[in-house]
A.B. asks: 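Pasting a structure here, questions to come.
Here is the naming used below: chain letters follow the sequence lines, and residue numbers restart at 1 for every chain. Computed from a predicted model, the values in this text were never measured in an experiment.
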Amino acid sequence: MSDFTIGGNRIMARNFDVRHTIESGQPLTFLADCDWPANKFSYVDNGKKVTFKISRQNGTTTLMMARGAPTSLERAAERFRMNERLDDIYKKINTDRFMKDAISKYKGMRLTKNDPWETTVCFILSQYSNIKRIRQNVRSIVENFGTRTIDGSMRFPTSEELRGTTERQLRALGLGFRAKYIRHAAEYCTNNMDLARLGRKEYNLLKDSLMEIDGVGDKVADCIALMGYGRLEAFPIDVWVKRTMERQYFGGRKKKIDDIHEFAYEQWGKNRGYAQQYIFHSSRDRGSRI
DNA sequence: ACCCAGGCGGGCG
DNA sequence: CGCCCGCATGGG
């Protein structure tokens with residue numbers, strides 16, 4: 001069972017809210033552009049710009065892609081994880097009032113599938129930053145060090161390509177102290193680690209491997225596991241998620257990261273990554289706007 | 001002006 | 001271990 005069907009140049013999808021998904025701060029969405037008045041959105045996939053026209057009718061979102069677009073509809077469905085039914089996920093994580101409300105408010109927000117290396121760069125950039133700035137940083141890296149493809153879009157630079165830059169060049173893009181981490185990650189992921197091979201590893205071992213990269217700690221490793229490797233067991237705990245969970249589940253008491261991980265495991269099991277995305281989005285939505 | 005941001009590494013007790 | 005600090009910048 002899946003959440004989509006394909007007919008002609010259209011995808012008909014259940015439980016897909018494009019806007020909430022695009023605004024939820026994932027790697028795909030950092031490289032997305034939206035024209036809400038025209039009901040259009042586009043994103044860059046493997047160096048190719050994909051544009052969709054959106055229409056909605058009785059609970060189904062229909063995406064219409066221009067004919068001859070440089071990617072397949074199957075690929076688009078894969079990137080929005082439409083192969084799994086969100087209602088099944090909801091059933092498993094809908095354990096309490098707060099989650100129920102978050103699901104109902106942001107129904108159709110989907111996790112996305114992203115390239116592990118891109119995801120690594122994006123979330124190293126995320127530390128001690130904010131979504132608006134992360135987006136700028138990611139885009140300037142692509143603009144400055146990516147390669148232009150046939151359709152005029154920019155392809156995200158590989159670790160090997162980024163290894164050819166200097167910390168100074170990266171700093172000039174406004175990455176701040178994160179520049180040295182990006183440089184190191186490019187070096188390490190080219191010479192000492194094959195990100196494509198980590199996909200086989202069990203979740204905890206995958207995380208351990210990712211944390212070998214300088215600048216990747218517990219939280220960033222979980223983000224990479226979740227959005228780069230599609231591991232729904234990953235539960236990234238950032239300041240927003242921590243604060244919100246302390247308030248919603250621990251009576252306002254301060255908790256340690258490990259205790260929150262433990263709670264998430266007990267509460268939401270192997271799908272806790274999806275729960276995290278709803279906590280993150282809802283806490284940011286009512287907090288200080290970006 | 002002031003404070004904080006999808007954290008992390010290192011140093012100290 | 002656990003705690004605390006600096007880190008570069010941009011935006012509210």
Side-chain angles (χ1 to χ4, degrees), chain A residues 20-32 102 106 109-112 114 118-141 144 165-189 207-229 231-232 234-248 253-262 264 272-290:
Chain A
H20 283 140
T21 301
I22 294 296
E23 290 177 351
S24 68
Q26 304 181 54
L28 182 156
T29 76
F30 294 142
L31 295 170
Y106 305 111
M109 178 175 64
R110 306 190 76 98
L111 281 170
T112 59
N114 302 276
E118 292 187 25
T119 308
T120 300
V121 172
C122 286
F123 284 101
I124 286 175
L125 291 175
S126 78
Q127 60 173 281
Y128 208 50
S129 187
N130 54 70
I131 289 187
K132 186 185 177 73
R133 187 178 178 188
I134 299 164
R135 179 188 296 265
Q136 290 174 348
N137 289 163
V138 172
R139 287 176 183 232
S140 61
I141 284 179
N144 285 278
T165 66
T166 63
E167 182 185 331
R168 182 192 194 77
Q169 285 179 289
L170 292 170
R171 224 171 244 271
L173 302 185
L175 308 191
F177 64 87
R178 305 162 196 85
K180 62 178 179 298
Y181 292 142
I182 297 293
R183 253 298 301 176
H184 177 274
E187 195 75 44
Y188 197 78
C189 292
K207 230 176 125 173
D208 288 343
S209 296
L210 293 170
M211 285 192 285
E212 290 172 17
I213 303 168
D214 197 21
V216 177
D218 179 81
K219 189 269 173 182
V220 169
D222 264 334
C223 284
I224 302 169
L226 182 62
M227 297 171 219
Y229 292 92
R231 300 299 178 81
L232 298 187
F235 193 85
I237 303 172
D238 69 327
V239 287
W240 295 97
V241 170
K242 184 169 187 291
R243 278 198 294 253
T244 300
M245 288 186 69
E246 284 168 346
R247 185 171 65 244
Q248 297 296 336
R253 292 185 301 278
K254 292 287 184 188
K255 299 302 279 186
K256 285 183 283 191
I257 297 292
D258 286 345
D259 294 334
I260 300 177
H261 275 306
E262 176 67 18
R272 55 195 181 280
Y274 244 110
Q276 184 273 353
Q277 191 61 23
Y278 279 78
I279 298 170
F280 172 70
H281 195 61
S282 67
S283 54
R284 239 175 36 87
D285 196 39
R286 88 166 125 263
S288 61
R289 291 296 349 185
I290 52 173

A.B. asks: Drop me the distance from A/D214's CG to A/R183's CZ, to the nearest 0.5 angstrom.
C.D. replies: 12.0 Å
A.B. asks: Counting any heavy atom closer than 4.0 Å, what does A/T244 reach on the DNA or RNA strands: base, sugar-phosphate only, or nothing?
C.D. replies: nothing
A.B. asks: Report yes if some heavy atom in the side chain of A/K255 is under 4.5 Å from a heavy atom in the side chain of A/M245; otherwise report no.
C.D. replies: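 No, their side chains stay 4.5 Å or more apart.
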A.B. asks: Tell me whether the rings of A/Y106 and A/H20 are parallel (<30°), tilted (30 to 60°) or perpendicular (>60°).
C.D. replies: perpendicular
A.B. asks: Report yes or no: is the ring centroid of A/W240 under 5.5 Å from the six-membered base ring centroid of B/dG6, with the two planes under 30 degrees?
C.D. replies: no
A.B. asks: If we take the P atom in both B/dC2 and C/dA8, what is their distance in whole Å?
C.D. replies: 22 Å
A.B. asks: For the pair made of CD1 in A/I257 and C1' in C/dG2, what is the distance, rounded to whole Å?
C.D. replies: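 Spelled out: CD1 on A/I257 to C1' on C/dG2 is 13 Å.
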A.B. asks: What's A/V241 touching, base or sugar-phosphate or nothing? Going by heavy atoms closer than 4.0 Å.
C.D. replies: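 Contact class for A/V241: none.
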A.B. asks: Quick one, give me the B/S/- string for nucleotides 3-10 of chain C, reading 5' to 3', where B means a protein heavy atom under 4.0 Å from the base and S means that only happens at the primed atoms, P, OP1 or OP2.
C.D. replies: ----BBB-
A.B. asks: Work out how far the P atom of B/dC3 is from that of C/dG6, and round it to whole angstrom.
C.D. replies: 15 Å
A.B. asks: For residues A/R110 and A/Q277, determine if any side-chain heavy atom of one lies less than 4.5 Å from a side-chain heavy atom of the other.
C.D. replies: no
A.B. asks: Between B/dG7 atom P and A/M211 atom CE, what is the distance in whole Å?
C.D. replies: 16 Å
A.B. asks: Hey, are the side chains of A/I213 and A/C189 touching, using non-hydrogen atoms and a 4.5 Å cut-off?
C.D. replies: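 A/I213 vs A/C189: side chains touch.
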A.B. asks: Check the distance between B/dG9's P and A/L210's CG and give it to me in whole angstrom.
C.D. replies: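 To the nearest whole Å, that distance equals 12 Å.
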A.B. asks: How many whole angstroms separate atom CG of A/D218 from atom P of C/dC1?
C.D. replies: 14 Å
A.B. asks: Which is true for A/R135 with a 4.0 Å heavy-atom rule: it touches a base, it touches only sugar-phosphate, or it touches nothing?
C.D. replies: nothing
A.B. asks: Less than 4.5 Å apart, side chain to side chain, heavy atoms only: is that true for A/F280 and A/S24?
C.D. replies: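 Answer no - side chains too far apart.
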A.B. asks: With rounding to whole Å, what would you report as the distance between B/dC4 and C/dC4 at their P atoms?
C.D. replies: 16 Å
A.B. asks: From the list B/dG9, B/dG6, B/dG7, which nucleotide is the closest neighbour of the side chain of A/V220?
C.D. replies: B/dG7
A.B. asks: Are the side chains of A/E23 and A/T29 in contact, using a 4.5 Å heavy-atom criterion?
C.D. replies: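 SC-SC contact between A/T29 and A/E23 ruled out.
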A.B. asks: Could you run through DNA chain B and flag its stems, i.e. three or more consecutive Watson-Crick or G-U pairs with both distances under 3.5 Å?
C.D. replies: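 For DNA chain B the paired stretches long enough to count as stems (3 pairs minimum) are B:2-5 with C:9-12, B:7-13 with C:1-7.
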A.B. asks: How long is the line joining CD1 of A/I134 and P of C/dG11, in whole Å?
C.D. replies: 13 Å
A.B. asks: Less than 4.5 Å apart, side chain to side chain, heavy atoms only: is that true for A/L125 and A/R133?
C.D. replies: no
A.B. asks: Would you please classify the geometry between the A/Y181 ring and the A/F177 ring as parallel, tilted or perpendicular, with 30° and 60° separating the classes?
C.D. replies: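 Because their plane-to-plane angle is over 60°, the rings of A/F177 and A/Y181 count as perpendicular.
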